[in-house]
Amino acid sequence: MKSRRQFIKLGTVGSLSLITAQSCSSSQNNDNYERATPTPSKNKPIVISTWNHGQAANKAAWDILKNGGSSLDAVEKGVRVTESDPENMSVGLGGLPDRDGRVTLDACIMNHESNCGAVAFLEHIENPISVARKVMEETPHVMLAGEGALTFALEKGFVKTNLLTDKAKEAWKNWLKDSEYQPVINSENHDTIGMLALDEEGNLAGACTTSGMAYKLNGRIGDSPIIGAGLFVDNEVGAACATGVGEAVVRVAGSAIVVELMRQGKSPQEACEEAVKRIMDKHQNLDNLQVGFLALDKYGNYGSSSVYAGFNMALKDHKNDLLIDANYTLEW
Ligand code: SD4
């Protein structure tokens with residue numbers, strides 16, 4: 001059995017050298033975090049997101065931020081790119097369906113005033129993040145789910161769309177042949193996008209959107225639409241988001257914990273690592289445990305950590321026109 005106590009910070013050779021070349025590693029960036037004596041944001045505007053595919057999303061977000069736009073607009077417009085990408089099989093259009101062949105989406109958004117909106121178990125709408133924003137801005141509620149969320153979206157002018165692409169349908173049909181119709185905890189279709197941004201005004205916002213675990217039970221909702229689990233923003237401190245096995249993230253209120261740890265003085269990197277350790281401590285069997293966190297503090301420092309190799313962070317800030325990948329993995 002693997003030793004759970006051996007925590008090693010790893011990076012792929014490629015990503016480490018890239019980070020060094022650009023003088024922009026999380027650990028370098030995190031040294032100045034001072035909760036008690038706020039310093040002006042040195043690293044703004046900035047946008048970061050989970051996984052490599054976030055690069056296209058970050059570009060869309062960056063177009064807004066660099067022109068003085070708000071972090072809220074940036075994260076919404078950014079993740080919409082991924083939602084509308086039929087090649088991404090774990091978000092929006094083209095997402096892998098549940099075990100009954102239904103594509104059901106979860107998303108949430110949060111702004112610098114701690115307002116938030118979410119949709120869960122939403123079908124037929126390509127951009128659930130924008131429905132989540134409408135929930136935030138145009139209802140007295142935080143979350144709408146299922147039929148109610150769909151009715152609301154249609155009332156707000158969203159268009160009913162078939163989200164099950166031929167490619168996703170074929171994958172599902174193949175799964176049906178081999179699986180005996182049994183969902184698994186970790187179907188390994190990652191690429192859920194979580195995005196965090198800090199704008200010129202020094203305001204933070206975040207967004208998280210997914211089609212969830214592939215071939216899940218119909219009705220299953222993960223961490224991604226749950227404020228405090230898949231995403232959390234506190235403008236006094238920082239923001240965090242999660243990717244991976246939602247059931248594990250929910251058990252420790254993952255993103256809220258990362259932000260709270262930053263409030264207590266941890267750097268974004270340290271906070272992500274601590275949250276990952278907590279999850280590992282709560283699970284006897286780590287074999288299928290894949291979870292990653294991304295964090296951005298009020299000053300533009302960022303960090304990421306995961307329990308498995310391969311969690312990549314796409315980043316765009318005012319210094320780095322190129323996007324970099326970071327990969328910090330806690331191993332056991
Ligand atoms: C979920 N956290 O539904 C999501 C899945 C995920 O990359 O992050 N995939 O549990």
Side-chain angles (χ1 to χ4, degrees), residues 48-55 57 79 81-83 85 87-99 102-110 118-123 128-129 132 143 145-146 149 163 168 171 183-196 206-232 240-258 272 275-276 279 282-283 288-295 304-314 325 327 329:
I48 59 178
S49 67
T50 53
W51 301 107
N52 285 332
H53 66 78
Q55 294 183 353
V79 303
V81 171
T82 315
E83 289 179 334
D85 177 1
E87 293 305 314
N88 182 309
M89 299 184 85
S90 48
V91 182
L93 177 69
L96 289 169
D98 66 17
R99 70 174 182 171
R102 291 165 66 170
V103 181
T104 71
L105 306 177
D106 299 337
C108 73
I109 194 161
M110 191 161 186
V119 288
F121 190 46
L122 173 64
E123 292 180 81
I129 199 65
M143 184 187 278
L163 302 177
V184 293
I185 184 68
N186 182 11
S187 56
E188 291 237 19
N189 67 315
H190 353 86
D191 288 2
T192 289
I193 186 158
M195 177 178 279
L196 310 172
C208 187
T209 177
T210 188
S211 53
M213 283 296 160
Y215 321 129
K216 60 197 173 186
L217 285 174
N218 182 248
R220 181 264 188 191
I221 293 166
D223 61 314
S224 303
I226 299 176
I227 295 295
L231 174 73
F232 198 65
C241 60
T243 180
V245 177
E247 284 75 1
V249 175
V250 168
R251 291 180 77 188
V252 300
S255 294
I257 286 298
V258 172
C272 289
V276 162
I279 288 181
K282 294 215 182 297
H283 289 79
N288 278 312
L289 192 68
Q290 293 190 327
V291 173
F293 290 104
L294 194 57
S304 68
S305 183
S306 66
V307 279
Y308 58 103
F311 175 73
N312 295 309
M313 176 171 75
D325 295 334
N327 184 349
T329 301

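For this chain, numbers begin at 1 and follow the sequence in order. All values derive from a computational prediction rather than experimental measurement. Every number for a ligand or one of its atoms is a count from 1 in the order of the listing.
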Asker: Which atoms of ligand 1 are found less than 4.0 Å from any heavy atom of Ser224?
Answerer: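 Answer, ordered by atom number: 2 (N), 4 (C).
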
Asker: I want to know if ligand 1 touches Thr243 in the polar sense, i.e. an N/O pair below 3.5 angstrom.
Answerer: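 Right, the criterion is met.
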
Asker: Among Ile226, Val249, Asp223, which residue places a heavy atom closest to atom 1 (C) of ligand 1?
Answerer: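 Among Ile226, Val249, Asp223, the closest heavy atom to atom 1 (C) of ligand 1 comes from Asp223.
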
Asker: Have a look at Thr104, Thr192, Val91 and point out the one with the heavy atom closest to atom 6 (C) of ligand 1.
Answerer: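 Heavy atom nearest to atom 6 (C) of ligand 1 belongs to Thr192.
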
Asker: Counting distance only, does the side-chain N/O of Ser255 pair as donor-acceptor with the main-chain N or O of Gly228 below 3.5 Å?
Answerer: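 Not confirmed, Ser255 side chain does not pair with Gly228 backbone.
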
Asker: Going by the order shown, which atoms of ligand 1 are within less than 4.0 Å of some heavy atom of Gly212?
Answerer: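 Reading through ligand 1 atom by atom, the close ones are 3 (O).
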
Asker: Short list, please: which atoms of ligand 1 are under 4.0 Å from a heavy atom of Met213?
Answerer: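 Within the 4.0 Å cut-off of Met213, ligand 1 contributes 3 (O).
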
Asker: Under 3.5 Å, side-chain donor or acceptor atoms of residues 219-227 against the rest of the protein: list the pairs with distances, not counting sequence neighbours.
Answerer:
{"from": "Arg220", "atom 1": "NE", "to": "Glu247", "atom 2": "OE2", "distance (Å)": "2.9"}
{"from": "Arg220", "atom 1": "NH2", "to": "Glu247", "atom 2": "OE1", "distance (Å)": "2.7"}
{"from": "Arg220", "atom 1": "NH2", "to": "Glu247", "atom 2": "OE2", "distance (Å)": "3.2"}

Asker: Which value, rounded to the nearest 0.5 Å, describes the distance between Lys216 atom NZ and Thr104 atom OG1?
Answerer: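 It comes to 3.0 Å.
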
Asker: Have a look at Phe293 and tell me which of Ile279, Ile257, Thr50, Thr243 forms a side chain to side chain contact (heavy atoms under 4.5 Å, CB included) with it.
Answerer: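 Single side chain to side chain contact (heavy atoms under 4.5 Å, CB included) partner of Phe293 among Ile279, Ile257, Thr50, Thr243: Ile279.
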
Asker: Rounded to the nearest 0.5 Å, what's the gap from CD on Glu83 to OG on Ser211? Could you check?
Answerer: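 Between atom CD of Glu83 and atom OG of Ser211 there are 10.0 Å.
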
Asker: Give yes or no for whether the N/O distance cutoff of 3.5 Å, strictly under, is met between Gly244 and ligand 1.
Answerer: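 So ligand 1 has an N or O lying under 3.5 Å from an N or O of Gly244.
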
Asker: Which residues pass the side chain to side chain donor-acceptor pair (under 3.5 Å) test with Thr210, not counting sequence neighbours?
Answerer: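 Testing Thr210 for side chain to side chain donor-acceptor pair (under 3.5 Å), a comparison that skips the adjacent residues, returns Thr192.
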
Asker: Does ligand 1 have any atom that is closer than 4.0 Å to a heavy atom of Ser90?
Answerer: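 Per 4.0 Å heavy-atom rule, Ser90 does not contact ligand 1.
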
Asker: Geometry only, no angles: is Arg220 polar-contacting ligand 1 at N/O separations under 3.5 Å?
Answerer: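 Checking ligand 1 against Arg220, an N or O pair does fall under 3.5 Å apart.
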
Asker: Which heavy atom in Ala149 sits nearest to a heavy atom in Val119, and how many Å separate them?
Answerer: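 Closest pair (atom of Ala149, atom of Val119, distance): CB-CG1, 4.3 Å.
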
